[in-house]
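One structure is given here, and the rest of the page talks about it.
Order of the sequence lines fixes the chain letters, A, B, ..., with proteins taken first and strands second; residue numbering starts at 1 for each chain.
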Amino acid sequence: MRDVAQTPSHPPIPSAAPGISLRGLGKSFATHAAVREVSFEIPAGALTVLLGPSGCGKSTLLRLIAGFEAPTAGEIVMAGRSLGDLPPAQRDIAMVFQSYALFPHLTVAENITFGLSVRGTAKAEMAPRLARVAQMMGLETLLDRKPAQLSGGQQQRVALARAVISERPVCLMDEPLSNLDAKLRAEMRVEIRALQKRLGLTMVYVTHDQVEAMTMADRIVLMNAGRVEQEGTPQEIYAHPASTFAARFIGSPPMNLIPTDRLGLPGGAMAGLRPEDIHFAAAGAKVTVKSAEYLGADLLVTLDVSGSEAVLRQPARAGLPAGPDLFIGWAPEALRLFDAATGLALAPGATRFQANEAQANEGRA
Amino acid sequence: MSLWDKLATLGGWLLALLWIAPLAYAVWTAFHPAAYETHFDLLAPLTLENFPAAWVQAPFARYFLNTVILVTVILAVQLVLGTFAAFAFARLRFPGKQVLFLLVLLQLMVMPDVLLVENYRTMRILGLTDSIMGIGLPYMASAFFIFLLRQTFLQVPTELDDAARIEGASLLTLIRRVYVPLAKPTYVAFGLISVSAHWNNYVWPLIITNSVSARPLTVGLSIFSASDSGVHWSVINAATLMTSGPLLVGFLLFQRAFVQSFMRAGIK
């Protein structure tokens, strides 16, 4: 895949990669429900990331789509037909596993062509397809090796090659980068994204890493405790988190959540402010500096806002302001408000006044 | 080296000598004339005559053939049956799985000798007395192998299983192309144990066979050595060496795997 952009011969783009709809999907195990009432659309030819903390049901959801598990409620519709209890092999889906799931007793070439050979593809057809995919992934010189003789990144490429050679239009990925070191992970993110775009794949990508989600996704489906917490583009979710969970999960460092009265706003709600949206000011909410973390370009300053902790991000060049009395200010349009009890966002883009009103309404209800 | 270690080493040597003594005696007498059976003389003349003498006095060629057929058929059926049973117990969901597996384990706890009479009765009903099939049949579903292989199969990562399935592998393909190759060491280990056990098995074949056409080496040898024509130890020992020779050579070749197989079987 090193030369994705220049490679003239790539596998044919899968004919019209289908979209997938999940409708009221649920999966209960003996002791708990892993997935509850999940409904969303996976758009055709786009990269959808299922994001969430471990145990949120995202991997179970992927296994439901793959057909390894049968849902206990709801249905999965792909290309207009319900998948029902269709076995995994007949769903026209390729999958890349967290551990890569390479067969240790087979060579790289045999691993890549495993699916073709069990499906009885003619040898004459297999060879050119293998050559094409191997070149695309930069695996030409490794074809005779066993997986144990490869580095983590190379194993990852073999796993990708195995998914690509199948020429199936939908590709599922279960935390494919979690076993790689940080540098390689950043490289592979770009490669996978390029591959997905190049082949026009409908890709469903499971991860717990919000950076991966933000950098790769066309759409993010944020999951929490078996439910969909929020779905949307990375920009939407970052700018308008639907709940305090989404606010804290996305972004590094996460959104600051401060009770509104500590910022001198009408009380009773939670104020959400991104670290880059607050700045030191001559007047405003009074703060004290607890610590500062130097990141080169940026400086992360941990503040105490009347007992709440908040993080401020500013260019490192600006330096820390002097003086015992420090204040912070923020752009009013960057302020997000959340219900203190439920954690749900109050009217997106709510102003102070609207928040007040929402509070009042809540009180009346 | 502490005193305890020295004693342990000494004990080890003593046991080894004790164990090798019969083999050493067999080698000594087999290669010397009958006159030196009970008379040790380093300068005694060597001879190879005992081997042809033994070979012509009893149908050893036939016994060899019988034993080879016996261990081959037993092993082949054990491997096939064991593979399917172990896979089912390791990876399939079906009602009564636990109970069935317990029954298989139970079989491990029954001494084979307890079943001699009952097995004989069964073989007679099946009309298999005095046949190679009759010797082998009671051993063909090895509980030990099923247990051993199930443990090995359980260690195959489920993601490999999933990967093969999503690629379109059928159950048979999955077993043949993923599980069996990954369990190769277990197959080799069990193969060695099975071959040596059935090559050496004596009591059951003695009971179930009564003709040259079915008798394995062990029984043939014992009948030969109990002949009324007087006991010729040098000839008997030559026959013993001949009959156990292939197994001895096999042991030396596979020594490492053989010892490991017992370790493996012990740990799991």
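- By the 4.5 Å heavy-atom criterion applied to side chains, A:F97 and B:L160 are not counted as neighbours.
- For the pair A:A89 and B:G168, the tightest heavy-atom approach, listed with the atom from each and the gap, is CB-CA, 3.3 Å.
- Contact annotation for A:R91: neither backbone nor side-chain heavy atoms come within less than 4.5 Å of a heavy atom of chain B.
- Of the listed residues (A:A94, A:P88, A:S99, A:P104), the greatest number of heavy-atom pairs within a distance under 4.5 Å of chain B belongs to A:S99.
- The environment of B:I20 atom CD1 is sparse: at most 12 non-hydrogen atoms of other residues, nucleotides or ligands sit within 6.0 angstrom.
- Considering all non-hydrogen atoms of both residues, B:V178 and A:F103 come closest at CG2-CE2, 3.7 Å.
- At least one side-chain heavy atom of A:V118 sits under 4.5 Å from a side-chain heavy atom of B:R177.
- Within a 6.0 Å radius of CG in A:D181, other residues, nucleotides and ligands contribute more than 12 heavy atoms.
- The two residues B:E167 and A:R119 come nearest to each other via the heavy atoms O-NH1, 2.8 Å.
- Proximity to chain B (any heavy atom under 4.5 Å) is shown, for A:L106, by neither the backbone nor the side chain.
- More than 12 heavy atoms of other residues, nucleotides or ligands shown are found within 6.0 angstrom of CG on B:D113.
- For A:Q90, no part lies near chain B; criterion is any non-hydrogen pair under 4.5 Å.
- No side-chain heavy atom of B:K184 sits under 4.5 Å from any side-chain heavy atom of A:H105.
- The CG atom of B:D161 sits 8.5 Å away from the CZ atom of A:F68 when rounded to the nearest 0.5 Å.
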